[in-house]
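A short write-up of the structure that comes next.
In this chain, residues are counted from 1 in sequence order.
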Amino acid sequence: MTYQLIAERLGQEKFLARSLHRDYVYVPGGVTDPGVLISFDTLNDLIASHRLEVPRLRLSADGEMLPQHRYAVPVTTRRHTVWQRTHPAELHRCLAEGASLVIDAIDELHEPVADLAQHLESWLHTHVQVNAYASWSAQEGFGTHWDDHDVIVVQVEGSKHWRLYGPTRVAPMHRDTAQPDPPPKQPIADLVLEPGDVLYLPRGWWHAVAADQGVHSLHLTCGLTPHTGADLIGWLSEMLRDSEQVRADLPLHAGPDAQAAYVELLREHLVAALEEPGLLERFAAARDARLRPSLPHLNGMPADPKVRVRLTTGRARLTFAADGEGAVVVRFAAAGQEVDFDPAVEPLLQRLLGGGWVSLADLAAAAELTVADAAAVAGELVDAQAATVRGCLW
């Protein structure tokens, strides 16, 4: 598939070892057919058929968001609710005057982009949000700026001029104790992305972007959610609420000795949690899935070979473990849930990990099971909110 070339062209394991979070990577022609991901027709359909309001859909120029009333008109429904409908003529006018168009989280609206995001999640072990950016002029929509997350950019149509200045603060955060110093005057890289080109940029790297090549531009930016030590400590604080000592009130009115004893007890709890084997794997597995209902199936999974199933997360993990009675099981971990299966089910689970929609017939064949058994396995994953279903019996 087109999106699977991105990991290959960026370098797979070599990229993870040498470039991820460290240095930019530019891959000309990294995607052979970017038009299968998205097009301007896709944008037209989404804008026309969805109530995309600020900040989901927004226009930006010179680093500032345009007021919504510049390109949208209020619509009052018969139930007296008001929403803002994008007005095509005013939208065109703003874009012609130099504004850039952004649709946030387009992976939640368009399945080919969702497939791209899920593939990257499986490879990079982090949540991926994909935004679409369209520009028609040399005016910069966002000025010279840095992002608080790594990005993978895929140029889809037209061209885009990128000037990269590098970082001035190591691993800056959205909530931080200080802001990065201003960028240098001269860029360290000056690139023009053409259709199919791929660019990886670590967080904190200053950059300026403009469609100054005389053609319109459409690109996707895949934002990689950072997982920092601060995130891990915050997650551990939630896990440690099981402890009565952690839930207890701080001894603010006690003497120095009692306060020191409490702090030492808290330190012991935290150190014990940090020393737990597989901590980072459990942290990664607890991240959110792409929750999706499975209507019309409310209670159980029909044993219909034509029903299709897919995972709602690209970050699922399979391991072999021992259950409470010492028997070997294959453990599926995702979205903060763990489900144990008989080892014979592993080929079915591996087929789902490959991504995309898979019929119950294919899942059953992969593990040499009956369709009813495959439906039972898929039903457990749906109950754990790690999978979703498409299709019905009629």
- In terms of hydrophobic clusters joined by side-chain contacts under 4.5 Å, are Tyr133 and Ile103 together? no

- Does Ser49 reach the main-chain N or O of Asp45 with its side chain, forming a donor-acceptor pair under 3.5 Å? yes

- Query: Do the side-chain N and O atoms of Gln139 and Ser137 include a donor-acceptor pair separated by under 3.5 angstrom?
  - Reply: no

- Steps toward side-chain contact (heavy atoms from CB on, under 4.5 Å) verdict (Val246, His269): CA-CA 8 Å; Val246 172; His269 275 75; 4.2 Å; yes

- Query: What's the verdict on salt bridge (charged side-chain N to carboxylate O under 4.0 Å, His left out) for Glu53 and Arg56, showing C-alpha distance, side-chain angles and the deciding distance?
  - Reply: CA-CA 6 Å; Glu53 298 195 50; Arg56 193 67 180 273; over 6 Å; no

- Kindly say whether Gly29 contributes a backbone atom to a donor-acceptor pair with the side chain of Asp197 at under 3.5 angstrom? yes

- For Asp190, does the CG atom sit with more than 12 other heavy atoms under 6.0 Å from it, leaving out its own atoms? yes

- Message: Using salt bridge (charged side-chain N to carboxylate O under 4.0 Å, His left out), reason through Asp104 and Arg58 one step at a time and then give a plain yes or no.
- Response: CA-CA 8 Å; Asp104 271 2; Arg58 62 187 187 276; 2.8 Å; yes

- Message: Restricting to non-hydrogen atoms, name the atom on Pro347 and the atom on Ala367 that form the minimum distance, rounded to 0.1 Å.
- Response: CB-CA, 4.1 Å

- Query: Minimum heavy-atom separation for Gln259 to Pro251, with atom names?
  - Reply: NE2-O, 3.0 Å

- Item | Beyond-backbone contact of Leu164 with Pro187, side-chain heavy atoms, under 4.5 angstrom | no

- Scanning both residues in full, the closest heavy-atom pair of Gln385 with Thr312 reads O-OG1, 3.1 Å

- When rounded to the nearest 0.5 Å, the distance separating CD1 of Ile47 from CG of Leu109 is 11.0 Å

- Query: Has the side chain of Arg203 got a donor or acceptor atom that lies under 3.5 Å from a matching backbone atom of Pro172?
  - Reply: yes

- With rounding to the nearest 0.5 Å, note down the distance linking OG1 in Thr86 to NE2 in His92. 10.0 Å

- Task: Could you give me the CA-CA distance, side-chain angles and deciding distance for Phe283 and Asp231, then say whether side-chain contact (heavy atoms from CB on, under 4.5 Å) is met?
- Result: CA-CA 9 Å; Phe283 170 76; Asp231 296 320; 4.0 Å; yes

- Is Arg267 salt-bridged to Glu264, cutoff N-O under 4.0 Å? yes

- Scan side-chain atoms only and decide if His87 and Arg93 contain a donor-acceptor pair under the 3.5 Å cut-off. no

- Consider only side-chain heavy atoms of I, L, V, M, F, W and Y, link residues closer than 4.5 Å, and tell whether Met239 and Leu280 are in one cluster. yes

- Message: What I'd like to find out is whether the side chain of Asp373 reaches to under 4.5 Å of the side chain of Leu348, using heavy atoms alone.
- Response: no

- Task: Please assess Thr221 against His219 for the test side-chain hydrogen bond (donor to acceptor under 3.5 Å, both in side chains), listing each intermediate value before the final yes or no.
- Result: CA-CA 7 Å; Thr221 293; His219 77 264; 3.2 Å; yes

- Message: Within the structure provided, determine whether His21 and Asp150 are in side-chain contact (heavy-atom separation under 4.5 Å).
- Response: yes

- Task: Indicate the atoms forming the closest heavy-atom contact of Pro226 with His149, along with that distance.
- Result: CD-CB, 3.9 Å

- Query: Would you say the side chain of Glu140 lies within less than 4.5 Å of the side chain of Arg163, judging by non-hydrogen atoms?
  - Reply: yes

- Would you check if Thr228 and Met173 make a side-chain contact, meaning some heavy-atom pair closer than 4.5 Å? yes

- Arg169 atom CZ, neighbour heavy-atom count above 12 within 6.0 Å: yes

- Query: Looking at CG of Leu37 and CG of Leu218, how far apart are the two atoms once the value is rounded to the nearest 0.5 Å?
  - Reply: 10.0 Å

- Message: In terms of relative ring orientation, are His207 and Trp162 parallel, tilted or perpendicular, with 30° and 60° separating the classes?
- Response: parallel

- Message: Strictly distance-based, threshold 3.5 Å: is any side-chain N or O of Glu121 a donor or acceptor partner for the main-chain N or O of Val128?
- Response: yes

- Any donor-acceptor N or O pair under 3.5 Å, side chains Gln155, Ser217: yes

- Among Thr168, Thr144, Asp147, find the one that has a side-chain hydrogen bond (donor to acceptor under 3.5 Å, both in side chains) with Trp206. Thr168

- Query: Taking the side chain from His110 and the backbone from Leu43, do they hold a donor-acceptor pair closer than 3.5 Å?
  - Reply: no

- Would you name the heavy atoms of Arg9 and Pro28 that are closest together and state the gap between them? NH2-O, 3.6 Å

- Task: Would you confirm whether Asp62, through its side chain, and Glu64, through its main-chain N or O, come within 3.5 Å as a donor-acceptor pair?
- Result: no

- Task: Without swapping roles, check the side chain of Arg22 against the backbone of Leu20 for a donor-acceptor pair under 3.5 Å.
- Result: yes

- Worked verdict on Asp176 versus Asp148 for side-chain contact (heavy atoms from CB on, under 4.5 Å): CA-CA 10 Å; Asp176 208 336; Asp148 63 356; over 6 Å; no

- Above 12 or not: heavy atoms from other molecules or residues under 6.0 Å from CD of Glu368? no

- Task: Determine the sole option in Phe15, Tyr26, Tyr24 for which the ring pair (Phe, Tyr, Trp, His ring centres under 6.0 Å) test with Tyr200 is passed.
- Result: Phe15

- Query: If you group Ile, Leu, Val, Met, Phe, Trp and Tyr by side-chain heavy-atom gaps below 4.5 Å, do Tyr165 and Val151 land in one group?
  - Reply: no

- Item | Arg51 side, atom CZ; Leu57 side, atom CG - distance, nearest 0.5 Å | 14.5 Å

- Query: Would the His216 and Phe40 ring centres measure less than 6.0 Å apart?
  - Reply: yes

- Is the closest basic N to carboxylate O distance between Glu111 and Arg292 below 4.0 Å? yes

- Query: Are the side chain of Asp340 and the backbone of Arg331 linked by a donor-acceptor contact shorter than 3.5 Å?
  - Reply: no

- Which heavy atom in Pro293 sits nearest to a heavy atom in Thr388, and how many Å separate them? O-OG1, 2.8 Å

- Message: Count I, L, V, M, F, W, Y as connected when their side-chain heavy atoms are under 4.5 Å apart, and connections chain through other members. Are Leu116 and Val153 then in the same cluster?
- Response: no

- Given side chains that start at C-beta, do those of Gln213 and His161 come closer than 4.5 Å, heavy atoms only? yes

- If only atom types and distance count, is the side chain of Gln118 paired as donor or acceptor with the main-chain N or O of Leu311 below 3.5 Å? yes

- Backbone of Ser135 reached by a side-chain donor or acceptor of Ser100 within 3.5 Å: no

- Note on the structure: dist His227:NE2 -> Leu232:CG (nearest 0.5 Å) comes out at 11.0 Å

- Task: Report the distance from atom CH2 of Trp123 to atom CD of Gln12, rounding to the nearest 0.5 Å.
- Result: 6.0 Å

- Within-4.5 Å side-chain heavy-atom neighbours: Leu266 and Leu240: no

- Same cluster for Trp205 and Trp146 if Ile/Leu/Val/Met/Phe/Trp/Tyr side chains link at under 4.5 Å? no

- Query: Got Tyr71 and Leu95 here, is their nearest side-chain heavy-atom distance under 4.5 Å?
  - Reply: no

- How far apart are the C-alpha atoms of Leu10 and Ile152, what are their side-chain angles, what is the distance that settles it, and do they pass the side-chain contact (heavy atoms from CB on, under 4.5 Å) test? CA-CA 10 Å; Leu10 281 173; Ile152 294 175; 4.0 Å; yes

